[in-house]
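Notes for the one structure printed next.
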Amino acid sequence: MTLDVAWSERWVRRAAEALTAARADLTELDRQIGDGDHGENMHRGFQAVVAKLDDGTERTQVGEVLKVVATTLMSSVGGASGPLYGTAFLRASKATERAELDGSSVVAMLEAALEGVTTRGKATTGEKTMVDAWQPAVDAAAGVAQDGGDPVAVLRAAAEAADTGAASTIPLVATKGRASYLGERSAGHEDPGARSTALLLGAALAAALTDEVPSA
Amino acid sequence: MTLDVAWSERWVRRAAEALTAARADLTELDRQIGDGDHGENMHRGFQAVVAKLDDGTERTQVGEVLKVVATTLMSSVGGASGPLYGTAFLRASKATERAELDGSSVVAMLEAALEGVTTRGKATTGEKTMVDAWQPAVDAAAGVAQDGGDPVAVLRAAAEAADTGAASTIPLVATKGRASYLGERSAGHEDPGARSTALLLGAALAAALTDEVPSA
Amino acid sequence: MKKLLDDPVNAVADSLEGFGLAHADLVEVHTDPVYVTRAGGAVQGKVGLVSGGGSGHEPLHAGFVGDGMLDAAVPGAVFTSPTPDQVAPAIQASDGGRGVLAIVKNYTGDVLNFETAVELAQAEGVEVASVLVNDDVAVEDSLYTAGRRGVAGTVAVEKIAGAAAARGDDLAAVTAVAERVVANVRSMGVALTACTVPHVGGPSFDLGDDEIEIGIGIHGEPGRHRQPFTGATEITRSLLEPVADDLGLAPGERVLLFVNGMGGTPLSELYVVYGRARRLLEERDVQVARSLVGNYVTSLEMQGASVTVLRLDDELEALWDAPVRTTALHW
Amino acid sequence: MKKLLDDPVNAVADSLEGFGLAHADLVEVHTDPVYVTRAGGAVQGKVGLVSGGGSGHEPLHAGFVGDGMLDAAVPGAVFTSPTPDQVAPAIQASDGGRGVLAIVKNYTGDVLNFETAVELAQAEGVEVASVLVNDDVAVEDSLYTAGRRGVAGTVAVEKIAGAAAARGDDLAAVTAVAERVVANVRSMGVALTACTVPHVGGPSFDLGDDEIEIGIGIHGEPGRHRQPFTGATEITRSLLEPVADDLGLAPGERVLLFVNGMGGTPLSELYVVYGRARRLLEERDVQVARSLVGNYVTSLEMQGASVTVLRLDDELEALWDAPVRTTALHW
Ligand SMILES: Nc1ncnc2c1ncn2[C@@H]1O[C@H](COP(=O)(O)OP(=O)(O)O)[C@@H](O)[C@H]1O
Ligand SMILES: Nc1ncnc2c1ncn2[C@@H]1O[C@H](COP(=O)(O)OP(=O)(O)O)[C@@H](O)[C@H]1O
Ligand SMILES: [Mg+2]
Ligand SMILES: [Mg+2]
Ligand SMILES: [Mg+2]
Ligand SMILES: [Mg+2]
């Protein structure tokens with residue numbers, strides 16, 4: 001399957017679906033070590049994105065779709081995750097100004113997204129943030145691409161690494177974001193933003209595996 | 001046993017003891033149909049009375065003791081019960097300006113007290129107030145005195161009638177005091193003021209049956 | 001029970017001590033007996049205004065002591081009216097030579113204790129009048145009850161009578177204006193939760209997770225009936241309609257709309273209720289000319305609110321607008 | 001969950017609608033995007049002041065819009081910072097030709113969203129400066145945290161910077177005075193209960209019947225540690241001491257003492273805490289020259305309080321005393 005504009009739209013719709021399904025779970029994770037709004041924030045944001053996508057505009061580049069995601073998240077999410085994901089998708093959109101992505105463009109997209117997150121948030125791995133999902137995703141994707149993997153294999157590596165990365169935040173003590181206020185008490189809980197990153201990349205993979213578009 | 005000044009002091013101390021023991025129960029009754037302070041009010045009032053009694057003054061008339069009760073309740077209880085009991089004891093003190101009470105003076109004392117309550121509170125029997133304890137107490141006492149009963153027998157009749165009277169308030173719908181705000185919902189609960197009246201008269205009887213003075 | 005108190009027995013005294021320290025420019029807290037006067041004492045040549053009642057309704061009444069409102073407030077124990085020996089000196093301390101108006105909420109306890117206090121103060125040569133506030137439409141006003149309770153409408157009575165006294169009205173005129181407010185103000189309240197009286201230690205009534213009490217007073221007492229929780233719009237309607245009906249509001253009339261919090265409800269929710277109540281009044285073609293939203297007559301930490309409507313005329317509106325400088329109301 | 005709301009999704013919008021209707025003389029509520037400005041818009045020739053953040057802290061910030069304080073406030077969703085496209089127009093609407101100061105509480109979300117908004121407003125030609133409020137001593141300020149949070153001290157920053165702007169200071173001077181407040185103000189809070197975010201429907205954390213959370217923020221987040229409930233004196237000590245120590249208060253210094261309620265605590269208890277805190281300061285020979293007690297920076301209906309101390313000098317004291325006319329602060 002090719003990672004074209006239609007794929008990117010399916011990605012967004014699958015992401016919206018996945019985040020709505022995980023709304024309560026993400027909020028519960030955030031309730032444990034944050035302020036209990038991450039599920040609501042991501043749900044609100046991606047519902048707005050989907051509404052925007054349906055505005056009838058024809059889009060010919062993957063980057064155009066990702067730019068809609070970026071600007072809509074920026075203006076509808078708020079909180080820490082709004083600007084972080086907004087910037088991630090803005091950078092990613094600039095790296096994907098093309099009709100179709102090959103393996104190395106997927107890597108470029110993920111690298112740009114990660115760079116967006118770290119530029120804004122100044123976090124590195126091990127600080128119990130979404131970076132702990134993005135960074136391994138980028139690394140794994142780059143490895144598979146280097147070995148000549150096809151774009152779907154690259155995405156799969158990214159999604160799986162993000163999932164493992166999110167789970168790896170559980171024992172960590174947060175030093176960035178709201179969870180850092182808890183100090184040692186932040187250990188023992190998964191970071192909600194790392195989990196939502198894993199969900200986003202999982203949705204990208206799912207959209208690449210089937211043509212089916214989830215119903216709104 | 002004679003109902004002398006020593007008896008009246010024992011009465012006050014026993015009353016204080018009984019009200020402190022019933023503090024939580026009276027408050028619970030008041031919580032059901034009022035504002036949950038009657039136990040606290042009576043406890044606070046009679047603690048103040050006992051403190052006042054211990055001021056070293058020598059008292060030669062029952063009325064002097066009851067006047068201490070009256071003025072102290074008036075200035076330390078507040079709420080509805082403060083002025084009602086205050087006036088009751090003030091009138092009772094005027095009816096007992098003597099060193100010792102016979103049967104008919106006990107009746108006169110109780111009649112004066114009831115008159116104090118009704119003058120201030122304007123309630124009659126059946127309105128679910130302390131009048132439903134005072135009125136049968138007066139009636140029963142008058143009956144026994146008329147039949148030539150001794151003062152202790154008169155007191156016993158009053159105490160027993162007050163107890164039955166208090167219990168008789170349970171099915172009533174209140175039309176006076178805070179409980180009247182509840183309308184029909186006030187039925188099914190005993191009136192706290194009627195109960196405290198029964199406790200007061202029970203203490204008067206107990207003080208007449210033994211010389212023992214409860215320890216503070 | 002978790003409360004920011006030490007010994008519950010000293011709750012009122014400890015709180016008043018802090019209140020007096022925080023606002024020494026405006027108030028003076030007297031102890032033994034306990035009452036609060038404005039700093040500097042009575043204003044000579046002005047009718048004095050005194051109110052009081054059980055504690056637990058803060059900022060009522062001590063929060064309304066100051067320029068343009070009360071000269072003294074008398075706090076009793078929590079939810080228990082003060083005693084005559086507290087009220088009488090407060091009345092005397094408020095006399096600036098033109099008499100004193102006592103503003104009494106209609107509860108048996110308050111009425112009886114103020115009655116005696118007024119007699120005591122009169123015996124000391126002070127001219128004293130009283131006005132009874134009974135704005136709570138949740139209670140039937142009939143021969144078969146103790147009459148309507150005084151609740152949040154008390155703020156309007158104290159503010160407007162205070163302004164009348166401040167402009168120099170004599171005792172009869174201040175009393176008349178206070179009575180005019182009483183005649184034109186109505187309230188009704190709802191509880192979402194009960195409150196816990198410090199010395200009791202448990203909730204004042206038991207309410208299910210999805211139940212509310214309509215027609216509560218301000219003493220943690222149960223309301224007139226219990227119903228399932230609906231939402232702000234429905235609840236506001238069940239408070240506003242009886243109030244407006246009882247007042248007999250006619251199209252074109254002007255009112256003050258006052259949404260009062262019971263202590264534990266966030267301000268943001270009070271504004272939701274305010275918006276709903278305003279819409280209902282506008283549907284009746286009643287004009288909301290003045291507004292007040294906040295926690296002014298509370299029941300400790302109870303969650304809930306009351307809606308108060310005061311029918312305005314030019315004079316009441318001007319007196320409402322007159323300057324006031326107290327710890328809780330200031331313009 | 002029982003709250004005086006209809007659909008939780010509209011909680012902020014519904015509340016703001018009521019707020020705007022109740023206070024049309026002071027504020028104007030804008031929708032799409034959502035922000036609040038003072039009625040009549042920017043004051044020409046005055047530096048504009050804008051603040052904002054998640055909702056649920058009412059009266060912060062919209063309650064401080066008015067003469068002598070903020071020109072605009074930007075409320076986000078409950079406990080979620082507003083978006084740049086809300087903040088940027090609020091900044092532009094506050095520009096009276098002498099630039100705008102954005103007062104930002106130090107949370108990653110607020111910082112990032114305001115950052116972008118400031119860039120957007122600057123791109124539209126507005127001169128904008130920012131100040132970060134980070135008064136919460138419960139959080140270690142180190143390389144290993146997101147830094148201290150901004151909590152109740154924000155009120156002092158907004159009041160004093162507002163007074164500096166009102167007296168005609170230029171943007172650099174207003175910014176400098178705001179930074180001076182930030183450098184001299186510290187806070188610490190305690191929760192007796194958690195709060196319930198409307199769209200979550202359950203408590204923000206679970207606390208036992210006899211437990212309290214020391215070092216909470218204002219977003220319903222858990223605190224720094226949990227301990228058994230003691231009483232007001234002990235709890236106040238555990239809040240006041242870290243604040244005073246961190247400020248390095250010396251004998252003879254003058255301070256503002258601000259006891260802030262978290263929304264669900266009765267005013268009477270806040271005064272108990274105030275009295276205790278004052279005594280502790282006096283033991284250190286620190287003079288409490290100014291006081292504020294009330295629910296100003298809240299966490300919905302959370303029960304609890306915070307203690308804030310601001311070191312005063314003559315200028316800060318005069319700016320604190322300068323007239324202010326907002327819905328929540330008025331003198
Ligand atoms: N500095 C940062 N760098 C990267 N990610 C961060 C940073 N700060 C917070 N996050 C992420 O944001 C998530 C929280 O998002 P959200 O709950 O929506 O916002 P808020 O913390 O403002 O309530 C965290 O779980 C974390 O993954
Ligand atoms: N008008 C009245 N006449 C007689 N007794 C009354 C009247 N009103 C109230 N009471 C009595 O007072 C009792 C309540 O006293 P208390 O709880 O101490 O005062 P409050 O009602 O002010 O809280 C009631 O149970 C009732 O017996
Ligand atoms: Mg969050
Ligand atoms: Mg009672
Ligand atoms: Mg009472
Ligand atoms: Mg948030």
Side-chain angles (χ1 to χ4, degrees), chain A residues 23-24 26-28 30-45 47-48 70-87 90 116-117 119-123 126-130 173-186 189 193, chain D residues 8-9 33 52-54 56 74 76-88 107-117 136 138-140 142-149 194-206 215-226 299:
Chain A
R23 183 176 175 181
L26 291 174
T27 286
E28 177 58 22
D30 198 29
R31 194 178 79 94
Q32 296 293 339
I33 58 170
D35 59 350
D37 60 359
H38 190 60
E40 196 64 19
N41 291 347
M42 296 306 289
H43 164 75
R44 185 176 60 245
Q47 289 305 308
T71 55
T72 310
L73 291 184
M74 198 81 96
S75 71
S76 65
V77 173
S81 54
L84 290 169
Y85 278 126
T87 310
L90 197 64
V117 171
T119 307
R120 300 238 66 158
K122 315 253 171 350
E127 301 205 81
K128 199 177 184 107
T129 71
M130 58 174 72
V173 171
T175 53
K176 281 284 185 317
R178 243 172 239 293
S180 70
Y181 304 143
L182 281 180
E184 302 290 332
R185 287 167 83 196
S186 64
H189 304 277
Chain D
V9 169
V74 194
V78 175
F79 293 168
T80 302
S81 39
T83 59
D85 68 322
Q86 292 175 261
V87 179
Y107 298 96
T108 307
D110 292 61
V111 170
L112 295 182
N113 286 286
F114 269 81
E115 223 169 70
T116 309
D136 188 353
V139 173
E140 269 176 78
S142 80
L143 279 177
Y144 306 108
T145 67
R148 285 178 164 166
R149 299 174 286 212
C195 58
T196 294
V197 175
H199 61 248
V200 177
S204 56
F205 51 86
D206 305 305
I216 46 131
I218 55 172
H219 293 89
E221 65 270 55
R224 198 71 185 177
H225 69 271
R226 187 162 290 200
S299 286

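The sequence lines fix the lettering, A, B, ..., with proteins before strands; numbering per chain opens at 1.
The shortest side-chain heavy-atom distance between A:Arg44 and D:Val9 does not fall under the 4.5 Å cut-off.
Contact between D:Thr116 and A:Arg120 at its shortest, heavy atoms only, is OG1-NH1, 2.9 Å. Here the shortest heavy-atom pairing between D:Gly223 and A:Leu182 reads O-CD2, 3.3 Å. Of all heavy-atom pairs spanning D:Thr83 and A:Gly78, the tightest one is CG2-N, 3.3 Å. A:Arg178 and D:Tyr107 get closest at one heavy-atom pair: NH1-CD2, 3.6 Å. Heavy atoms only, all atoms of each residue included: D:Arg149 and A:Tyr181 are closest at CG-CZ, 3.2 Å.
Counting only residues at least two apart or on different chains, no side-chain hydrogen bond (donor to acceptor under 3.5 Å, both in side chains) pair has a member in residues 70-81 of chain A.
The greatest number of non-hydrogen atom pairs below 4.5 Å with chain D, out of A:Thr27, A:Thr87, A:Asn41, is found for A:Asn41. Each of D:Ala194, D:Gly201, D:Ser81, D:Gly202 has some count of heavy-atom pairs under 4.5 Å with chain A, and the biggest count is that of D:Ser81. When D:Val200, D:Asp206, D:Asn113 are compared by the number of non-hydrogen pairs under 4.5 Å with chain A, D:Asn113 comes out ahead.
For chain D, the nearby parts of A:Asp37 are the backbone and the side chain; heavy atoms of each come within less than 4.5 Å. Heavy atoms closer than 4.5 Å to chain D are found nowhere in A:Glu28, neither backbone nor side chain. When heavy atoms are compared at a cutoff of 4.5 Å, A:Val77 approaches chain D solely by way of its backbone atoms N, CA, C and O.
Scanning for salt bridge (charged side-chain N to carboxylate O under 4.0 Å, His left out) contacts around A:Asp30 gives an empty result, with sequence neighbours left out.
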